[in-house]
Student: 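Here's a structure for you.
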Amino acid sequence: MDEHLERLWQSANKIHMPIAFTKSKIMAEVKKTLEVLNVKRAYIRIIITRGEGEITLDPQAASQNNLVIITKELSENPKWWYKDGVEIIIADTKRTSVDSMDPSVKSGNYLNNILAYNEAVKEGAFDAVMLNHDGHVTEGTTSNIWIVKDQILVTPPLKAGLLGGITRAKIIELCKSENIQIEQRNITAQELQDADESFLTSQTRRIVPVVKVNKTPLGSGKPGKLTLDILNKYNKLI
Ligand SMILES: Cc1ncc(COP(=O)(O)O)c(C=O)c1O
């Protein structure tokens, strides 16, 4: 929760949106909502709006923040993801650039991601990965992406234009403590297609092995060894 709220605060700051609530107030409201939902594993969406007011683009017209908390039961990930892996595509839709709509801001504006996801749906793929305007890999539509090449784990750097995933940060920490070699560097579309292994990460899905990119199988065509090793270690940590 600390990391999530910190990212929420940083995101609000980047879009010049003051937040009238305290983090402890939001924590308390989330707790109350979860008590009512009463499930073992829950999805939680915390939304802060600028508030109500005249219809205009001018944020000054908004009165005061509204807080919306949406929760629902979250089922366990399907077993086939780990047995067979999933297929992704590289979308034609490019990720918005850092100097237009900064992808490091976690906002409700998912239109860019939705357009890319639609491409994946049309191809029967699980998800789409978006490139930036320099042709480098950024992220999935609701996840961060990783590749393994010659035993080295690689993920794009934040400056490629992506959301700083909390799962991503945890895996970087985990790899450091487990002496797993990791690089944060630009990845080209070709490198992604030539990877030995790949996986996606997010808080709701944790780690999802990728076995095909644009219909081309990666490595053995099955979830990779290092991917499954990191998955095991991550699950233990959580
Ligand atoms: C665009 C995008 N990238 C990455 C992520 C993964 O972030 P996290 O690990 O914090 O769930 C998400 C999660 O919603 C996302 O929407």
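For ligands, and for the atoms within them, numbers begin at 1 and follow the listed sequence. Quantities reported herein were computed from a predicted structural model and do not represent experimental measurements.
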Student: Do Gln184 and Arg168 have side-chain N/O donor and acceptor atoms under 3.5 Å apart?
Tutor: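 The answer is yes; a qualifying pair exists.
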Student: Start with the C-alpha gap between Arg205 and Asn77, add the side-chain angles, then the distance that decides, and say whether side chain to side chain donor-acceptor pair (under 3.5 Å) holds.
Tutor: CA-CA 7 Å; Arg205 290 160 165 166; Asn77 291 344; over 6 Å; no
Student: At what distance is the nearest protein heavy atom to atom 14 (O) of ligand 1, and which residue and atom is it?
Tutor: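 Answer, as residue, atom name and distance: Lys106 NZ, 3.2 Å.
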Student: Yes or no: does Lys170 have any heavy atom under 4.0 Å from an atom of ligand 1?
Tutor: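 In this structure, Lys170 fails to qualify as a contact of ligand 1 - no heavy atom is under 4.0 Å.
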Student: Check whether any side-chain N or O of Arg7 sits under 3.5 Å from a backbone N or O of Gly164 as a donor-acceptor pair, and report yes or no.
Tutor: yes
Student: Would you call Lys170 and Glu3 a salt bridge, using N to O less than 4.0 angstrom?
Tutor: yes
Student: In the protein, which heavy atom is nearest to atom 9 (O) of ligand 1, and how far is it?
Tutor: Thr167 OG1, 2.5 Å
Student: Any donor-acceptor pair under 3.5 Å linking the side chain of Glu119 with the backbone of Ala91?
Tutor: no
Student: Counting heavy atoms only, which part of Gln203 comes closer than 4.0 Å to ligand 1: side chain, backbone, both or neither?
Tutor: both
Student: Counting only heavy atoms closer than 4.0 Å, does ligand 1 sit against the backbone of Thr141, its side chain, both, or neither?
Tutor: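 Within the 4.0 Å criterion, Thr141 contacts ligand 1 through backbone atoms alone.
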Student: Checking side-chain polar atoms at under 3.5 Å, does Ser198 have a donor or acceptor matched by the opposite partner on Trp146?
Tutor: no
Student: Any idea which protein heavy atom is nearest atom 7 (O) of ligand 1, and the distance to it?
Tutor: Gly165 CA, 3.3 Å
Student: For a quick check under 3.5 Å, do Thr141 and Asp127 share a side-chain donor-acceptor pair by atom type?
Tutor: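 Per modelled atom types, Thr141 and Asp127 side chains form a pair under 3.5 Å.
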Student: Can you find an N or O of Glu139 that's nearer than 3.5 Å to an N or O of ligand 1?
Tutor: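 The answer is yes, given that Glu139 and ligand 1 share an N or O pair closer than 3.5 Å.
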Student: Test your reading of the structure: does His4 have an N or O sitting under 3.5 Å from an N or O of ligand 1?
Tutor: no
Student: Any Lys/Arg nitrogen of Lys31 or Glu35 sitting under 4.0 Å from an Asp/Glu carboxylate oxygen of the other?
Tutor: yes
Student: Do any N/O atoms on Thr201 end up under 3.5 angstrom from N/O atoms on ligand 1?
Tutor: no
Student: Could you list which atoms of ligand 1 come closer than 4.0 Å to a heavy atom of Asn113?
Tutor: 1 (C)
Student: Check whether the side chains of Asn109 and Ser107 place a donor and an acceptor atom closer than 3.5 Å, and report yes or no.
Tutor: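 The answer is no; no qualifying pair exists.
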Student: Does Ser143 approach ligand 1 within less than 4.0 angstrom via side chain, backbone, both or neither, non-hydrogen atoms only?
Tutor: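 Just the backbone.
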Student: So, is Ile166 polar-close to ligand 1, with some N/O to N/O distance under 3.5 Å?
Tutor: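 N/O-N/O distance below 3.5 Å exists for this pair.
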Student: I'd like to know whether ligand 1 has Arg7 as a neighbour, heavy-atom separation below 4.0 Å.
Tutor: yes
Student: Return the residue, atom name and 0.1 Å-rounded distance of the protein heavy atom closest to atom 16 (O) of ligand 1.
Tutor: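 Result: Tyr110 OH, 2.5 Å.
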Student: Is a side-chain donor or acceptor of Glu191 paired with a backbone partner of Thr188 at a separation under 3.5 angstrom?
Tutor: yes
Student: Counting non-hydrogen protein atoms only, what is the nearest one to atom 13 (C) of ligand 1? Give residue, atom name and distance.
Tutor: Thr142 O, 3.4 Å
